[in-house]
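For the numbers below, each heavy atom of this structure counts, side chains included, while hydrogens, waters and symmetry mates do not. Numbering starts at 1 and runs along the sequence shown.
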Amino acid sequence: MENHHREAVDRYVTFMNIDCYKHATEVIDAIIEVTQDERYNNRFWEAFKAKIPQTYFDKNSDEKVLYHVCASVFYIEELFEESNHTAGLALMKNCEYQCC
């Protein structure tokens, strides 16, 4: 019998083997993409984007990026649902499940 070694994923305790920064940056990338369309951009999203931590733009791993996403889960999911951005919605759900 073959023994398949899988990396253990440890949500909510150590977040071992979960790249939460990557998940959060992918969500922010999708938000920026969607809100380039004026139909989905408003004062809330302008304020949200203005508060994106500099570490996101510098591509430096930082928990502030994750906190920024996790603090607005409901609004982000609503944005992706309204804009029919299924990839963004899947990214957000994964980020929320794995990291928030």
Quiz item: Mind checking whether F48 and H68 have ring centres under 6.0 Å apart?
Solution: yes
In this structure, would [X] and [Y] fall into the same cluster of hydrophobic residues linked by side-chain contacts under 4.5 Å?
X: Y67; Y: M92; value: no
X: Y97; Y: L91; value: no
X: L79; Y: L66; value: no

Quiz item: Just by modelled atom types, is the K22 backbone N or O under 3.5 Å from a matching donor or acceptor in the T25 side chain?
Solution: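 Yes; at least one donor-acceptor contact below 3.5 Å.
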Self-check item: Derivation and outcome, side chain to side chain donor-acceptor pair (under 3.5 Å), residues T55 and D62
Solution: CA-CA 6 Å; T55 52; D62 183 349; 3.2 Å; yes
Practice problem: Using the test salt bridge (Lys or Arg N to Asp or Glu O under 4.0 Å), find all partners of D58 that sit at least two apart in sequence or belong to another chain. | Solution: none
Quiz item: Less than 2.5 Å separating the SG atoms of C99 and C70?
Solution: no
Quiz item: Do other residues, nucleotides or ligands put more than 12 heavy atoms under 6.0 Å from the NZ atom of K49?
Solution: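 Enclosed: over 12 neighbouring heavy atoms sit under 6.0 Å from NZ of K49.
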Self-check item: Ring-face cation of K59 near Y56 (centre distance under 6.0 Å, axis angle within 45°)
Solution: yes
Quiz prompt | Shortest non-hydrogen separation from A30 to G88 and the atoms involved | solution = CB-CA, 4.1 Å
Practice problem: Under the side-chain contact (heavy atoms from CB on, under 4.5 Å) rule, what do E46 and T35 come out as? Steps first, then yes or no, please. | Solution: CA-CA 9 Å; E46 287 301 314; T35 58; 5.9 Å; no
